[in-house]
Amino acid sequence: MGEKVRTFRYIIFLRDTFLLAMSAFGGPQAHISHMFKLMVDKRRYVSEEELIELNALCQILPGPTSTQTITAIGYKIGGTKLALLTLLVWILPAGGAMVFISIYFTILEGEGISLEFTKFIQPMALVFIFYSGLKLSEKVLKSKVANVLFVVSVFLSIAITYLLGHQKIGAVFFPILLIIGGVITSTLNYRTHKRERNKRSINIDWTYFIWFVAIFAIAVTLGNVFSNKFVLLFENFYRNGSLIFGGGQVLIPLLKTEFVTLKGYLTNEEFLSGFGFVQGMPGPVFSFSGYIGSLSVKEHGVFAQILAGSISLIGVFLPGTLLIFFVIKFWEELKQYRFVRASLEGISAIASGMVMSAVITLLFSVNIHDWTVTTSVNIDVTELDGVINLLVMIVTFGMLKWDKIPAPFLILAGLLAGIIF
C-alpha cells in the first residue's frame, strides 16, 4: 500500500512539474515565485525554508538556477530517478518548442519569406532581460554592502567582456568573483547568523562530480580533434553550461559572442528574434540553446536540425544536473555552517550584477581598438526605425512593470505589429 501511495504521489508531482513548465513565464526569478505557490503553499512538497535554501544552493552552482531547483525538489521527494524525470518534464516543452521555431524559420527563409515580421521582437527581448535583472536586484540588494558588490560586479563584468574577452577569461573570472562576493558578506555577516550546534560530519560521494569532470574533458578533447559540427555543438554547450554562473541571462551574451560573432552560425537578427521568442515561452531560458543548435545546421535538413537541437539541449543542461546531484547529497550537512549561510547575500548580489552587465553587453558592442560603440538593435533617435525601436522598448518595459499582461501576449502583440508594419 505504501508503495502505491508513493508512486501516486510521484505521478502527481510530475504532473505539477508539467503544469509549471507550461505556465511559468518570466525567467528564473518568476519561476521561483511559481514554485512557492504550487510546490510550497498548495502541495507542501517542501517547506518555504527548504525552497529558499535549495534556490540559494543553485545560485552558487553553474547552470540553470530554476531547473536545478526543481530537479533538487524532485530528488528530495523521490531520489535520482524522480529527479531525472522531473528534469525531462521541465525542459521538454520549451526545448521542443524552440527547436520547432528554428525549423519554422528555416522553412520560411527557404520559401523566400522575410523574417522582417520579427523585427519588434528583438528590442522587446532586451527589455525582457533588463526587467528580469531589475526584479532580481530588488530581491537581493537589501544592504549597502550588497549594493556596492552589485555595482562592482556590473563594471568588472563589462570590463572583462570588452577588454579581456568573454570566451577566454570569463569562465575563470565569474566564479572567482562570486566566491569573493560570498567571502565578503560571510566575513561581515558571520555573527548575525545563529551558531551551529551538534554539527554532523560531511560525507561526500564524488561519483557525479567525477562524471561532470570526465565528460567535460572528453567533450573538450573531441571538440579540438574533430571538426564535426554536431560534436562541436555538444562541446560548446557543455562547456558553457559548466561555466555559467547567474542563470540564463548571463548565458545569452556568451552564446551571442560564440555563435554570432565568432562562428557566424546565426545572424544577429536570427539570434535576437529567437531570444525574444524564448522570453515569451514558459520554462527555462536555457532552452534557447536548442534553437541555436538547430539553426546552426539548417543547411542539412529537418532531421539534422532536430538532432542538433537535442544535442545542444543535452549539452547545456547536463553539467548543471550532474552538479546538483553531487551537492544535494551533502547539502543538509553543509548548510549547518553559518559562514555558508552568511555568504549567500554576496553571491546573489554578484550574480545580479552579472545579469545587468549581460543586458549592457547584449545591447552595446564596443570596438576597443578605436572605441566605437554600436547597438544590437537600432535605437538611433535621428532615424525613424530607431525611434520606433526605442518606443517599443519603453512600452514593453511599461507593460512588464504594470504586471497585468502575460509575456506570451506581449510577444504575440510584437509579432502582430511586425506583420502590420
Side-chain angles (χ1 to χ4, degrees), residues 21-27 29-31 34 93-135 248-249 252 256 260 266-285 287-288 290-292 294-295 298 302 305 309 359 362-363 375-421:
M22 298 298 293
S23 61
F25 297 90
Q29 293 76 45
H31 297 165
H34 285 285
M98 291 309 298
V99 172
F100 171 80
I101 288 173
S102 73
I103 294 172
Y104 182 64
F105 277 5
T106 303
I107 293 173
L108 290 180
E109 290 179 336
E111 296 293 327
I113 300 174
S114 171
L115 297 181
E116 184 70 10
F117 67 92
T118 67
K119 64 181 181 180
F120 294 137
I121 300 299
Q122 298 165 29
M124 291 175 71
L126 295 173
V127 177
F128 274 111
I129 190 173
F130 171 74
Y131 186 74
S132 177
L134 189 64
K135 295 295 287 184
Q249 291 84 359
I252 301 305
K256 184 172 183 290
V260 177
L266 283 75
T267 66
N268 188 64
E269 291 72 22
E270 288 173 333
F271 183 91
L272 287 176
S273 295
F275 182 63
F277 275 102
V278 81
Q279 291 297 310
M281 291 273 181
V285 176
S287 61
F288 184 45
Y291 169 89
I292 293 177
S294 179
L295 213 57
K298 60 184 177 182
V302 173
Q305 286 190 267
V359 180
L362 269 175
L363 182 58
T375 57
S376 298
V377 296
N378 179 15
I379 53 174
D380 186 352
V381 295
T382 63
E383 299 180 7
L384 179 59
D385 285 345
V387 172
I388 293 175
N389 285 338
L390 185 59
L391 288 174
V392 168
M393 296 173 76
I394 293 172
V395 171
T396 302
F397 180 80
M399 291 294 99
L400 290 172
K401 194 69 175 174
W402 187 38
D403 199 27
K404 299 295 183 181
I405 302 178
F409 291 102
L410 292 177
I411 294 297
L412 288 175
L415 285 174
L416 182 61
I419 293 171
I420 293 173
F421 293 104

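Between the CG atom of Leu410 and the CZ atom of Phe120 there is a distance of 14.5 Å, given to the nearest 0.5 Å. Atom CZ of Phe105 is separated from atom CZ of Phe100 by 10.5 Å, given to the nearest 0.5 angstrom. Atom CG of Leu415 is separated from atom CD1 of Ile419 by 6.0 Å, given to the nearest 0.5 angstrom.
Nearest heavy atoms, Met98 versus Phe288: CE-CD1, 4.2 Å. In terms of heavy atoms, Ala94 sits closest to Gly283 at CB-CA, 4.5 Å. Considering all non-hydrogen atoms of both residues, Phe271 and Ile292 come closest at CE1-CD1, 3.7 Å. The two residues Pro93 and Met22 make their nearest non-hydrogen contact at CB-SD, 3.6 Å.
No side-chain heavy atom of Pro123 sits under 4.5 Å from any side-chain heavy atom of Thr396. No side-chain heavy atom of Leu266 sits under 4.5 Å from any side-chain heavy atom of Lys256. Using a 4.5 Å cut-off on side-chain heavy atoms (C-beta onward), Gln305 and Val99 make no contact.
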